[in-house]
Number of protein chains: 2
Amino acid sequence: MSERDAKTDHILDAALPVFVRHGFRKASMADIARAAGISRASLYLSFKSKEDLFRAGSTRAHARTMRDVEAALSGDGDVFGRIETAMAVFQRELIAPFAGSADAIELFDVNMALAKDITLAARARLVALLAQALSDAETAGMINLGSLQARPADVAGVIVAAIDGIKHAEGAGPKFAEDMQLFMRLLRAAIS
Amino acid sequence: MSERDAKTDHILDAALPVFVRHGFRKASMADIARAAGISRASLYLSFKSKEDLFRAGSTRAHARTMRDVEAALSGDGDVFGRIETAMAVFQRELIAPFAGSADAIELFDVNMALAKDITLAARARLVALLAQALSDAETAGMINLGSLQARPADVAGVIVAAIDGIKHAEGAGPKFAEDMQLFMRLLRAAIS
DNA sequence: GGACAATTGGACTATTATTGTCTAATTGTC
DNA sequence: GACAATTAGACAATAATAGTCCAATTGTCC
């Protein structure tokens with residue numbers, strides 16, 4: 001890792017809890033600089049604006065998460081276990097850190113405003129990966145999508161959309177993880 | 001309770017967690033109004049400024065606490081038990097709610113800036129109440145201050161000063177309660 | 001319905017905070 | 001000492017907030 005990447009990484013690590021605590025609007029660049037232990041001037045050497053910084057954080061989080069999701073899906077075990085793990089990774093890395101924030105809604109909104117492309121690309125990639133996993137499982141006779149009259153990509157799309165819907169419905173709350181698990185049981189029951 | 005008092009009480013109840021969460025500076029009157037479920041205009045019908053509101057909150061908290069402290073000191077049991085309970089009340093009602101805040105230092109500073117008179121008066125009253133309890137206990141032969149070469153008021157002053165010192169030293173942290181208890185054991189050992 | 005008081009959204013100004021930029025001084029490194 | 005990185009601090013432009021005001025709305029009582 002280059003010196004530059006190490007620095008931006010350190011700043012993003014420091015910025016995350018500041019955004020979680022104060023939300024985007026109330027988190028000032030001074031707050032973030034203080035949290036990172038650097039001067040405000042230095043902050044602008046690494047990021048050209050507050051929006052740029054947030055976008056970089058979102059980009060990094062999505063990149064990391066998708067790498068871990070891909071690893072989970074190419075692991076061992078049956079297709080349900082791998083999908084459950086993958087979705088758990090997605091939830092834990094991209095949603096949970098913010099869902100606990102009192103400003104979770106603002107943060108998700110800001111993310112869609114500033115990093116819509118990255119967010120949608122990651123989501124599309126997630127759908128594609130899930131679809132591939134489902135397709136492979138169907139070919140191997142592990143699952144049966146015929147009774148649902150659905151193609152793998154359709155089911156994958158529904159899974160991701162459901163996660164997103166639950167996230168928006170429950171926001172923070174402990175009900176989120178609960179609803180997630182219920183949905184996974186439902187999925188398993190439907191296509192086993 | 002008058003209609004007016006009920007309203008200001010409701011507002012102060014709503015404002016407390018806002019101050020705890022955001023600190024004084026970052027807590028806006030809009031935040032407080034939203035938390036109280038009223039309009040910003042209404043907020044200014046009850047309080048003429050943000051400082052006035054904070055001061056009212058501090059005043060109410062001190063009044064409540066001193067009432068409870070007095071009740072604790074005039075309760076049953078030996079003098080140590082009553083003092084321990086009284087100090088626990090003081091800590092729980094006037095310190096703990098803010099010590100958990102990430103902006104605890106700012107809040108204590110603002111309190112001294114905006115409600116110094118109330119804070120110091122309450123502290124003086126606490127010292128006087130403790131001194132009276134100690135004096136009564138000494139008269140009854142329950143404790144012995146002679147070996148310390150101190151008068152009740154001196155010991156009471158030290159107790160309150162120590163609490164304050166520990167508060168400032170530990171700020172938030174779980175060590176506060178721990179140090180409090182240690183100090184009480186120390187006191188008991190010294191004057192039994 | 002109509003009088004009445006309380007509440008509200010919204011407009012408004014003055015004040016303050018924040019952003020983003022810049023420079024000169026400082027720090028640490030080779 | 002040369003060099004690059006970092007810094008404090010000043011700065012203008014922008015945005016947020018405090019506090020005030022009023023006309024419109026709401027609900028209450030008669």
Side-chain angles (χ1 to χ4, degrees), chain A residues 1-58 101-103 105-107 109-111 113-115, chain B residues 1-58 101-103 105-107 109-111 113-115:
Chain A
M1 187 190 298
S2 79
E3 199 70 29
R4 176 180 198 79
D5 288 346
K7 184 157 26 186
T8 63
D9 250 35
H10 168 245
I11 293 172
L12 293 180
D13 287 341
L16 177 59
V18 177
F19 282 131
V20 166
R21 240 186 72 72
H22 298 298
F24 181 79
R25 200 179 54 89
K26 286 206 177 191
S28 72
M29 291 296 263
D31 290 334
I32 294 169
R34 199 177 313 119
I38 61 175
S39 70
R40 208 168 62 87
S42 273
L43 204 46
Y44 282 95
L45 294 180
S46 293
F47 302 97
K48 75 177 207 294
S49 70
K50 184 173 163 184
E51 300 192 351
D52 183 50
L53 190 157
F54 186 95
R55 201 179 141 81
S58 183
S101 168
D103 300 291
I105 294 167
E106 186 211 9
L107 289 170
D109 281 356
V110 168
N111 181 65
L114 300 181
Chain B
M1 185 191 297
S2 79
E3 199 69 30
R4 177 179 198 78
D5 287 345
K7 184 157 26 185
T8 63
D9 250 35
H10 169 245
I11 293 172
L12 293 180
D13 288 341
L16 176 58
V18 176
F19 282 130
V20 166
R21 236 186 76 70
H22 297 297
F24 182 79
R25 198 179 56 89
K26 286 206 177 192
S28 71
M29 290 297 264
D31 290 333
I32 295 169
R34 199 178 313 119
I38 62 175
S39 70
R40 208 168 62 87
S42 273
L43 204 47
Y44 282 96
L45 294 180
S46 293
F47 302 97
K48 75 176 207 296
S49 72
K50 184 173 164 184
E51 300 192 351
D52 183 50
L53 190 157
F54 186 95
R55 202 179 139 82
S58 183
S101 168
D103 300 291
I105 295 166
E106 186 211 7
L107 289 170
D109 281 355
V110 169
N111 181 65
L114 301 181

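Proteins come first, then strands; the chains are lettered A, B, ... in the order of their sequence lines, and each starts at number 1.
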Subject >> Euclidean distance, A:H10 NE2 relative to A:I38 CD1, rounded to 0.5 Å >> reply: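 Rounded to the nearest 0.5 Å, the CD1-NE2 separation comes to 7.5 Å.
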Subject >> Spatial distance of atom CG (B:L12) from atom OG1 (B:T8) [nearest 0.5 Å] >> reply: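 With rounding to 0.5 Å, CG (B:L12) is 5.5 Å from OG1 (B:T8).
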Is the phosphate of [N] approached by [X] (side-chain N or O, under 4.0 Å from OP1 or OP2)?
| X | N | value |
| --- | --- | --- |
| B:R25 | C:dT18 | yes |
| A:K7 | D:dA5 | no |
| B:S42 | C:dT8 | yes |

Whole-Å gap separating [atom2] ([N]) and [atom1] ([X]):
| X | N | atom1 | atom2 | value |
| --- | --- | --- | --- | --- |
| A:D52 | C:dT21 | CG | P | 11 Å |
| B:I38 | D:dT26 | CD1 | P | 18 Å |
| B:L53 | D:dT17 | CG | C1' | 15 Å |
| A:H22 | C:dT18 | NE2 | C1' | 14 Å |
| A:I32 | C:dT18 | CD1 | P | 12 Å |
| B:D31 | D:dT17 | CG | C1' | 10 Å |
| A:M29 | C:dT21 | CE | C1' | 12 Å |
| A:F47 | C:dT21 | CZ | C1' | 18 Å |

Of all the nucleotides listed ([options]), which has the minimum atom distance to the side chain of [X]?
| X | options | value |
| --- | --- | --- |
| A:S39 | C:dT8, C:dG20, D:dT7 | D:dT7 |
| B:Y44 | C:dG10, D:dG9, D:dT20 | D:dT20 |
| B:S28 | D:dT7, C:dT19, D:dA18 | D:dA18 |
| A:K50 | C:dT7, C:dG20, D:dA8 | C:dG20 |

Subject >> C:dC30: pairing nucleotide in any strand, Watson-Crick or G-U under 3.5 angstrom >> reply: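 Across all strands, the one nucleotide that pairs with C:dC30 is D:dG1.
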Original post:
Side-chain donor or acceptor of A:R40 under 3.5 Å from a matching atom on the base of C:dG20?
Top reply: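 Side chain to base: pair found, below 3.5 Å.
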Subject >> Closest non-hydrogen atom pair, B:S58 against B:A115 >> reply: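 B:S58 and B:A115 have their closest heavy atoms at OG-CB, 3.6 Å.
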Original post:
Within 45° of the six-membered ring axis of A:F24 and under 6.0 Å from that ring's centre, is NZ or CZ of A:K50 located there?
Top reply: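 The answer is yes; both the distance and angle limits are met.
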Original post:
With a 4.0 Å cut-off, would you call B:R55 and B:D52 a salt bridge?
Top reply: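 Looking at B:R55 and B:D52, the cut-off is not met.
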Original post:
Hey, does A:A27 reach any base, or is it just sugar-phosphate, or nothing, if we go heavy atoms under 4.0 Å?
Top reply: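 Since only primed, P, OP1 and OP2 atoms lie under 4.0 Å of A:A27, the category is sugar-phosphate.
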